[in-house]
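Following: one structure in structure tokens, then a few remarks.
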Amino acid sequence: MKHTVLCLFAALLITACTQQPLPEASYDVIPLPKEVTLNQEKPFVLQPSTVVYYEEALHCEAEFLSQYVNDILSFEMKCQPLQGEVKDGIVLQIVPDDFDHAEAYEINVTPKQVIIKGADAAGVFYGIQTLRKSLSSLTSHLSPLTFHLPCGSIRDWPNFGYRGMHLDPCRHFFPLDSVKVYLDMMAMHNMNQFHFHLSEDQGWRIEIKKYPELTQVGAYRSGTVIGHNGNKYDSIRYGGYYTQEELKDLIQYAAERHINIIPEIDLPGHMQAALATYPQLGCTGGPYEVWKRWGVSEDVLCAGNEEAMQFAEDVLNEVMDLFPSPYIHIGGDECPKVRWEKCPKCQKKIKALGIKGDDRFSKEDYLQSYVMNRMAKVVEARGRRVIGWDEILEGNVSETAIIMSWRGTEGGIEAARKGHDVIMAPSSHLYFDYYQSEDIASEPECIGGYLPVERVYEFKPLPEELTSEQQKHIIGVQANIWTEYIAHFWHVQYMALPRMDALAELQWNNPEERDFKAFVERCRKMTGLYDLYHYTYADHIFNPRVWADTVPANLATHKPITLRVQPHEKYTYKGATVLNDGELGRGAYNSGRWLGFWGEPLDAVIDLQQPCELHQVRLRSLVRKGAWIYNPSSIAVLVSDDGATYREVARKDITLSEWEDRDGIFPYELTFDALTARYVEVLVKGHDLPEDHDGYGNPAWIFVDEIEIN
Ligand code: ACM
Ligand code: ZN
């Protein structure tokens, strides 16, 4: 305390001596308020004597405001109930009639007063967040004792009512205090739905009184796979869970911040931790272990076993006893049907229900719909709505289910056309467990992929394919953080920030025009708050590194190039020219600098436009075994003078990388006696995945970024 006083005194002296203008707040925050009108009146002076007057329902909000100001400016404003008319200080009020959007707010700043009005308490809370963030650039000032708020008015409201973030505490567990910090981060970004993924193959994380063994057995695994699903494991017992008392505390903590917690019990797949606890609930009867690997377990709840269905219903009922959420997430993603296909009970159930497969879906797909619809009834009987991942569209899910579109936006588009409400959370733009830099050697290890802040910021949640009526079904936007490779909370923060800032802009404003440069400047200001609260964040957008990886011009560069077989649609980008544009990729395979082929060869023909002398072809291929990307099995070079008949001039056979070999980028060089030719064909074939690989039975991917001809 003494130290603070001294600092303040020193700061006052500095201010007095240098005659610096007083630090002034800026309303250019994230998300950007929709309407800001400033005037030239003398600014409002925020100082220790400023009082916060609050309407009765806003006591909690007033305390937040006082706390935030204290965090940033190191003085504490008094909070007092509002009685009659006041002519000074900060006034917090709810005035529903002044607004036509829920959660809307208005801030009026005059020389004497700051009035924050909301359509509801949430609106006032977001007004307070805006005011708080407007001070974020002041966090680095030596604290003088007064601060200026420019006069004018702000009117603001959200575009989406559902503004979500997800967290997976199953693959790795995060203690309650960390989850509270996550909620603080959400509140700062005007987010209101926390999707809490509480059950997984690798750990069950919520105490269920009716099934106490779930957390005694299912919450702990006896070890964890090392690296990207290799065949080595550590033998460290790992786990944890939240008691119902802790969850009540968390629900309260969230509610004070106007955040609803949506619990997810993932059904009927991703259930191996529950099966390890109660093996009779699986098709084979086990034994099962809480899974020590990542991925999708083939062992799922037995849909033909009434006890398993009763278990799921009981769990959902207890979850609803605890969580007041209007939404209950029942999962539905990634449920392999291999056990059901062979299980006598599941097949009997299929018969009993008269389920038939058709040309769109198998009878087991429809059996999953039976499970999801049955659980939806349990949820809806208690006046709640179910959310499910987009796989639940595979069958005949009831129209009342809300679809969370994660495998791209296609599921969301289909769902909206069918009349479902939709939450957009596509992995293409909103999976924050992916890398945010191409320079992955300098990043903490994560699951893969490449999803820079720019890409998040570009996302358009309302697909143009939909009519404006159908677009109304897109009720929200959410980002997900899965934690297979995220073992510590600092890393969760690093993956979230600043991509969450881009997300906040989409959720709150979904701006028609986007100005990334201006966004980055607002983001930079937010880091004042991140530093203040010791949040870890990624700083790539503030220190952009110029990409210098190019190959010297060679015979192939920018020559007409065609592919006899197209790349996989997900990794096509600008097409064949990726291979001879001179630009090299790095470790992120979805950066647009690599073309990906799956089960098909890369077969490229380059037209050198005139007969040229050549003696060498080089190319680079990526290996990321955990992502099913392997080295090629063979590379052949063929040449032609007329573009019709080709002869092979070089060939290399390549053995499959072993799991223990390093991942990375590998150059290949095929040299031959100098010859003259106009057309060069490069044929690259892939391997099949080996027996010890999770994806055994499938082809491996091949990724190539550049072909050189010398
Ligand atoms: C998911 O990412 N499996 C929903
Ligand atoms: Zn079964």
Using 0.5 Å steps for rounding, measure from the CD atom of Q244 to the OG1 atom of T215.
9.0 Å
Between C170 and Q202, is the side-chain contact (heavy atoms from CB on, under 4.5 Å) condition met? List the steps.
CA-CA 6 Å; C170 297; Q202 295 84 1; 5.7 Å; no
Answer with yes or no whether the side chains of Y253 and D184 bring together a donor and an acceptor at under 3.5 Å.
yes
Among W594, F597, W701, the one residue meeting ring-ring contact (aromatic ring centres under 6.0 Å, His included) with Y571
W701
Test item: side-chain donor near acceptor, H195 and E264, under 3.5 Å:
yes
Show the nearest heavy-atom pair for residues C346 and C302, with the distance to one decimal.
SG-SG, 3.7 Å
Flag, side chain of S405 to backbone of G408, donor-acceptor distance under 3.5 Å
yes
Backbone of Y630 reached by a side-chain donor or acceptor of W628 within 3.5 Å
no
Is a side-chain N or O of H693 found less than 3.5 angstrom from the main chain of G695, in a donor-acceptor match?
yes
Output, in order, the C-alpha distance, side-chain angles, deciding distance and verdict of side-chain contact (heavy atoms from CB on, under 4.5 Å) for Y162 and Q507.
CA-CA 8 Å; Y162 182 114; Q507 293 173 325; over 6 Å; no
Could you label the plane-to-plane angle of the H329 and W389 rings as parallel, tilted or perpendicular, counting under 30° as parallel and over 60° as perpendicular?
tilted
Donor-acceptor check, side chain of D390 to backbone of G412, threshold 3.5 angstrom: yes or no?
no
R237 to Y220 six-membered ring, cation-pi geometry met (6.0 Å, 45°):
yes
Would you name the heavy atoms of Y233 and I226 that are closest together and state the gap between them?
C-CD1, 3.7 Å
Measure the acute angle between the ring planes of Y537 and Y530, then classify it against the limits of 30° and 60° as parallel, tilted or perpendicular.
tilted
H491 and Y494 aromatic ring geometry - parallel, tilted or perpendicular at 30°/60° bounds
tilted
Is a donor on one side and an acceptor on the other found under 3.5 Å between the side chain of N480 and the backbone of Y431?
no
Can you check whether T224's main-chain N or O pairs, donor with acceptor, with D234's side chain at less than 3.5 Å?
yes
Pair Q272-D299, side-chain donor/acceptor within less than 3.5 Å
no
Would you mind reporting whether P567 and W598 have side-chain heavy atoms less than 4.5 Å apart?
no
Dump the intermediate steps for side-chain contact (heavy atoms from CB on, under 4.5 Å) on V520 and Y457, then the final yes or no.
CA-CA 10 Å; V520 170; Y457 189 70; over 6 Å; no
Sidechain-backbone polar pair: R257 side chain, L183 backbone, donor-acceptor under 3.5 Å:
no
With a 4.5 Å cut-off on side-chain heavy atoms, are D421 and I403 touching?
no
Which residues satisfy the salt bridge (Lys or Arg N to Asp or Glu O under 4.0 Å) test with E505, sequence neighbours excluded?
R522
Which salt bridge (charged side-chain N to carboxylate O under 4.0 Å, His left out) pairs, counting each pair once, include a residue from residues 166-175, with sequence neighbours left out?
D168-R171, R171-E200, R171-E484
Tell me every residue that passes salt bridge (Lys or Arg N to Asp or Glu O under 4.0 Å) with D365, counting only those two or more places apart in sequence or in another chain.
K337
Flag side-chain contact, heavy atom, 4.5 Å: N317 against V378:
yes
In this structure, CH2 of W490 is separated from OG of S178 (nearest 0.5 Å) by 13.5 Å
Looking at CG of N192 and CH2 of W508, how far apart are the two atoms once the value is rounded to the nearest 0.5 Å?
8.5 Å
Sole residue of L656, N698, D694 in side-chain contact (heavy atoms from CB on, under 4.5 Å) with L689
N698
Nearest-0.5 Å distance that lies between atom OH in Y182 and atom CZ in F194
6.5 Å
Give the minimum heavy-atom separation between L322 and I251, together with the two atoms involved.
O-CD1, 3.4 Å
Check whether Y370 forms a cation-pi arrangement with R374 (NZ or CZ under 6.0 Å from the six-membered ring centre, at most 45° off the ring normal).
no
Begin with the C-alpha distance, continue with both residues' side-chain angles, and end with the deciding distance and a verdict on side-chain hydrogen bond (donor to acceptor under 3.5 Å, both in side chains) for Y242 and E207.
CA-CA 6 Å; Y242 307 105; E207 178 191 25; over 6 Å; no
Can you see which heavy atom on I262 is nearest to which on Q193, and at what distance?
CD1-OE1, 3.5 Å
Can you tell me if Q478 uses its side chain to pair, donor with acceptor, with the backbone of G164 under 3.5 Å?
no
Less than 6.0 Å separating the ring centroids of H172 and Y238?
yes
Would you check if there is a donor-acceptor pair between the side chains of T277 and E213 at a distance under 3.5 Å?
no
Out of curiosity, M186 CE to M500 CE, how far, rounded to the nearest 0.5 Å?
6.0 Å
Using the six-membered ring wherever Trp is involved, compare the ring planes of Y211 and F311 and label them parallel, tilted or perpendicular (cut-offs 30° and 60°).
perpendicular
For the NE2 atom on H568, are there more than 12 heavy atoms of other groups (residues, nucleotides or ligands in this structure) within a distance under 6.0 Å?
yes
Less than 4.0 Å between a side-chain N and a carboxylate O, is that true for D201 and R293?
no
Kindly compute the distance separating CZ (R499) from CE (M495), expressed to the nearest 0.5 Å.
5.0 Å
Apply side-chain contact (heavy atoms from CB on, under 4.5 Å) to residues L393 and H420 and explain how you reach the verdict.
CA-CA 10 Å; L393 292 166; H420 293 274; 4.0 Å; yes
Centroid-centroid distance, Y589 to Y450, less than 6.0 Å
no
For G411, does its backbone N or O pair with a side-chain atom of E414 as donor and acceptor, under 3.5 Å?
no
Keeping N543 on the side-chain end and D539 on the backbone end, is there a donor-acceptor pair under 3.5 Å?
yes
In terms of ring plane angle, is the pair H429 and F459 parallel, tilted or perpendicular, where the classes change at 30° and 60°?
tilted
Give the C-alpha distance, both sets of side-chain angles, the deciding distance and a yes or no for side-chain hydrogen bond (donor to acceptor under 3.5 Å, both in side chains) between S325 and N260.
CA-CA 6 Å; S325 174; N260 171 57; 3.0 Å; yes
Does the pair D705 and R593 meet the rule for a salt bridge (Lys or Arg N to Asp or Glu O under 4.0 Å), with working shown?
CA-CA 6 Å; D705 65 343; R593 291 169 191 253; over 6 Å; no
Looking only at heavy atoms, which two atoms of L198 and P169 are closest? And how far apart?
CD2-CG, 4.4 Å
Would you please indicate yes or no on a ring centroid separation below 6.0 angstrom for H166 and W482?
yes
As a test of understanding, state which of E443, E438, Q436 forms a side-chain hydrogen bond (donor to acceptor under 3.5 Å, both in side chains) with H540.
E443
What's the shortest heavy-atom distance between V492 and I481, and which atoms?
O-CD1, 4.1 Å
Where does the angle between the aromatic ring planes of H228 and Y485 fall among parallel (under 30°), tilted (30 to 60°) and perpendicular (over 60°)?
parallel
